[in-house]
Amino acid sequence: MAIVSDLSATEARPPGSLAKLRMAAAPVVLPSLLKCDFGHLADQLALLEHGGVRALHLDVMDGHFVPNLTYGFPLVQAIRRATRLPLELHLMIENPGQYLSRYRDAGADGMTIHIEAVPEPAETLAEIRDLGASAGLALNPPTPLSAIEPFLADCDVVLVMSVMPGFGGQKFEPVAVEKIQRLAGRLSPGQAIEVDGGINDETIASCASAGAGWFVAGSAVFEAEDPATEVSRLTRLAAENQSQHQE
Ligand code: DX5
Ligand code: ZN
């Protein structure tokens, strides 16, 4: 079934680029494109890419798992064509297994599913890996860590939500820091701890010192005068706090 007809952009992407970021010790700030200027998408992506951004976070919402709607396949494909940056898709959708291969064909380098949508996620995570993408598992602020613990070995990325998913611009929930702390030290090299929601220059330090390595930031980046410079600034803040933690 050729839903996505032109795969040239997917074929051209650098292979394994999210995997390289997972292996590196340096923190990564991933802009969430929810608040970017979609009227000037290609220009915005070029500014981010040339400004040193290393990966992008796309919030896919289905109007069922969360009360909001965002990217379908054509938009992911358009973003894929406009940038060589790796694309991490945060799938806030029911039945994600149904769409994995099409999102992969559209250009996803990583796909993150929610434990609240897929309570037994081992098979779906294996499918993401089989497609050659990084497999992520997310949990919402009220969901206990115990819900994902049996599946840690099946994940390349554990995404700790610091807001309820669905909308950008919400207030950071500190319960995320506690979960990051408990996860740190339990994962192997190459498995990233990612935090998403309300990340800014006030909240990034506690997440970095707790042990997170990947930081999703939407409002902080796109409400800044220069989004790429803001990503660099947040990355520096994370790095400073990570190294303090390691000393
Ligand atoms: C929430 C999304 C987040 C969010 C990030 O559903 O998963 O990626 O949009 O945006 P800020 O940084 O504004 O919380
Ligand atoms: Zn997200």
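Counting starts at 1 for both ligands and their atoms, in listed order. We're numbering straight along the sequence, starting at 1. Values reported hereafter were calculated over all heavy atoms of this structure, with side chains retained and with hydrogens, waters and symmetry mates removed.
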Take Leu34 and Met61, measure what side-chain contact (heavy atoms from CB on, under 4.5 Å) needs, and give me the verdict at the end. CA-CA 11 Å; Leu34 270 188; Met61 306 187 189; 3.8 Å; yes
Side chains of [X] and [Y]: donor-acceptor distance under 3.5 Å anywhere?
X	Y	result
Asn140	Thr143	no
His57	Glu88	yes
Glu49	Thr83	yes
Ser32	Asp59	yes

Does Glu202 CD have over 12 foreign heavy atoms under 6.0 Å away?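 Not buried by this count: 12 neighbours or fewer within 6.0 Å.
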Tell me the residues surrounding ligand 1, counting only those with a heavy atom closer than 4.0 angstrom, sorted by chain and number.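 Around ligand 1, where the cutoff is 4.0 Å for heavy atoms, the contacting residues are Ser32, Leu34, His57, Asp59, Met61, His90, Met92, Met161, Pro165, Gly166, Phe167, Gly168, Gly169, Asp196, Gly197, Gly198, Val216, Ala217, Gly218, Ser219.
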Sort by chain and number the protein N/O/S atoms that are closer than 2.8 Å to the Zn ion (ligand 2), and list them.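 Hits for the Zn ion (ligand 2) below 2.8 Å: His57 NE2, Asp59 OD1, His90 ND1, Asp196 OD2.
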Taking all non-hydrogen atoms of both residues into account, name the closest pair between Met111 and Tyr103 and its distance.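 Heavy atoms only, the tightest pair is SD-CB, 3.9 Å.
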If you take all heavy atoms of Leu234 and Ile204, which pair is closest and at what distance?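 Minimum heavy-atom contact is O-CD1, 3.6 Å.
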Any Leu18 side-chain heavy atom under 4.5 Å of Trp214 side chain: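 Yes, their side chains come closer than 4.5 Å.
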